[in-house]
Amino acid sequence: MTDLADLETRIARLEARTEIAELATRYAIACDEHDIPALTALFTRDAVFDSPNGLMRAAGRDEVI
């Protein structure tokens with residue numbers, strides 16, 4: 001891998017990590033503030049929520065919220 005390609009890969013990884021951290025922060029703030037529109041905007045239309053034991057399952061943004 002060239003130095004430039006390696007640098008691009010490293011930058012992309014750092015950007016992805018930052019985006020994930022920002023998403024988690026926006027989620028926590030929306031939950032704390034009971035801001036349902038902001039919370040809803042964080043999920044894709046085809047979001048799926050599934051608990052480890054399978055008792056709670058939701059498919060689609062509206063069901064997940």
Side-chain angles (χ1 to χ4, degrees):
M1 185 177 284
T2 67
D3 289 339
L4 181 57
D6 183 48
L7 181 60
E8 289 173 345
T9 300
R10 292 171 59 201
I11 290 171
R13 186 177 305 123
L14 289 170
E15 288 175 340
R17 291 181 67 166
T18 299
E19 288 177 19
I20 292 167
E22 289 173 357
L23 176 63
T25 299
R26 289 193 310 270
Y27 177 83
I29 291 169
C31 287
D32 287 349
E33 296 179 352
H34 304 280
D35 186 344
I36 300 304
L39 187 60
T40 301
L42 298 177
F43 292 91
T44 61
R45 294 188 196 285
D46 61 348
V48 174
F49 176 84
D50 198 1
S51 63
N53 64 6
L55 294 177
M56 294 177 16
R57 178 162 171 69
R61 182 188 301 165
D62 294 335
E63 276 190 38
V64 169
I65 296 303

If a pair satisfies salt bridge (Lys or Arg N to Asp or Glu O under 4.0 Å) and one of its residues is in residues 47-57, list it, with sequence neighbours excluded. Asp50-Arg57

Shortest non-hydrogen pair, Thr44 vs Arg61, comes out as O-CB, 3.5 Å

Do you know which two heavy atoms are closest between Met56 and Phe49, and how far apart they sit? CE-CE2, 3.5 Å

Thr25 OG1 to Ile20 CD1 distance, which is reported to the nearest 0.5 Å: 12.0 Å

Heavy-atom closest contact (Cys31 atom, Leu39 atom, distance): SG-CD1, 4.1 Å

Decide whether Ile36 and Leu42 are clustered together by the hydrophobic rule: side chain heavy atoms of Ile, Leu, Val, Met, Phe, Trp, Tyr closer than 4.5 Å, transitively. yes

For residues 22-48, the salt bridge (Lys or Arg N to Asp or Glu O under 4.0 Å) pairs (sequence neighbours left out) are none

Hydrophobic clustering (ILVMFWY, side-chain heavy atoms < 4.5 Å, transitive) - are Leu23 and Val48 grouped together? no

Thr2 OG1 to Leu7 CG distance, which is reported to the nearest 0.5 Å: 9.5 Å

